[in-house]
Protein chains: 2
Amino acid sequence: MSAEPLPRQVGHPLSDEFRLTEVLHALSDPLRLSIVAALAESGAELSCSAFHLPVTKSTSTHHFRVLREAGIVRQRYEGTARMNSLRREDLDAVFPGLLTSVLASAGQNQ
Amino acid sequence: MSAEPLPRQVGHPLSDEFRLTEVLHALSDPLRLSIVAALAESGAELSCSAFHLPVTKSTSTHHFRVLREAGIVRQRYEGTARMNSLRREDLDAVFPGLLTSVLASAGQNQ
DNA sequence: TGGTTGGTACGATAAACAACGTACAACGAT
DNA sequence: ATCGTTGTACGTTGTTTATCGTACCAACCA
């Protein structure tokens, strides 16, 4: 009589729910910006633990949630790992050129 | 024996002191983004009171200071008014394309 | 010499945020 | 079954932030 196993799914905003100020805020944290830059450079899915962030696991969870809720990353489970990928096409469609210029600036500036 | 009148000048960061995360944070507030959009659209200097912001004077002062310290606006006194202008060339030199894409996105999204 | 205008300084407050620790859940392997 | 791996949930703490009110200041005008 145990309960059903949880599906472990998370909500992602649709493209037309993106809000510019929320995206800018998500990108304005150095740690989150470094996550986005690493995802863009790799071009692939990366697990949370692949980033070797200088914070604890719970803080890491917090930052990935901010990125996901802003629509910047997509997350899905693969075994115990949570794989993250950039929603580049969705972002480019709603905010053309934004991510490109932010990433180019990040490479130079921070 | 009165003291010298204060010069009423404010500090502006040099271009090479711009920090991307600070700029993104400054732009991530709806009120500040609307200020920047209005400045870009007018293409001219505007006094603080020209914006008719739905906040008090002291809150308005706060937001203009955040924008100035990030390097986004330039401020100078003209009589009793403080005139604000966009530092578009400086921003474009350090973060090419960033302001353009943000403003284009702001026009669509907010 | 005042009064008006446009803005700053300072202090207070409430909300949001980044960070942590502990406990726990899902999955895979042993 | 149990254990290690990977990440989440929840509560806490200290900092930052957005907002306001009050007091003030500098410039202009009458």
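Within every chain, numbering begins at 1; the chains are lettered A, B, ... in the order of the sequence lines, protein sequences first and strands thereafter.
Using a 4.5 Å heavy-atom threshold, the side chains of Val102(A) and Val36(A) count as separate. Side chains of His63(B) and Phe51(B) form no contact here, defined as non-hydrogen atoms less than 4.5 Å apart.
A straight line from CZ of Arg32(A) to C1' of dA18(C) spans 9 Å, rounded to a whole angstrom. To the nearest angstrom, P of dA18(D) lies 13 Å from CG of Leu33(B). When the P atom of dT6(D) is taken as reference, atom CZ of Phe51(A) falls 14 Å away, rounded to whole Å. Summarising the geometry, the separation between CD on Glu69(B) and P on dT16(D) is reported as 14 Å, rounded to the nearest angstrom. Whole-Å rounding puts the Arg76(A) CZ to dT6(D) P distance at 16 Å. In this structure, CG of Leu31(B) is placed 6 Å from P of dT19(D), rounded to the nearest angstrom. If you measure from atom CG of Leu24(B) to atom P of dT17(D), you get 14 Å, rounded to the nearest angstrom. Summarising the geometry, the separation between NZ on Lys57(A) and P on dC10(D) is reported as 16 Å, rounded to the nearest angstrom.
No hydrogens or angles considered: nothing links the side chains of Ser58(B) and Thr61(B) as a donor-acceptor pair under 3.5 Å. When only modelled atom types and interatomic distance are considered, Ser28(B) and Thr21(A) share no side-chain donor-acceptor pair under 3.5 Å.
Each of Glu78(A) and Thr59(A) was matched to the nucleotide of DNA chain C holding its nearest heavy atom; the match closer to the 5' end belongs to Thr59(A).
In this model, the phosphate group of dG7(C) is not approached by any side-chain N or O of Arg65(B) to a distance below 4.0 Å at OP1 or OP2. Residue Ser58(B) places no side-chain N or O under 4.0 Å from the OP1 or OP2 atom of dG21(D). For Thr56(A) and dC20(C), the shortest distance from a side-chain N or O to OP1 or OP2 is below 4.0 Å.
Donor-acceptor pairing under 3.5 Å, judged by distance alone, is absent between the side chain of Thr61(B) and the base of dG7(C). The base of dG6(C) is not paired with the side chain of Ser49(B) by any donor and acceptor separated by under 3.5 Å.
Here the nucleotide nearest the side chain of Thr80(B), chosen from dG6(C), dG21(C), dA18(C), is dG6(C). Closest to the side chain of His63(B), from the set dT19(D), dA18(C), dG6(C), is dT19(D).
Of the inter-residue distances, the one linking Ile72(B) atom CD1 with Asn84(B) atom CG reads 12.0 Å to the nearest 0.5 angstrom.
Backbone-only engagement by Ser47(B) is indicated by non-hydrogen atom pairs under 4.0 Å involving sugar-phosphate atoms exclusively.
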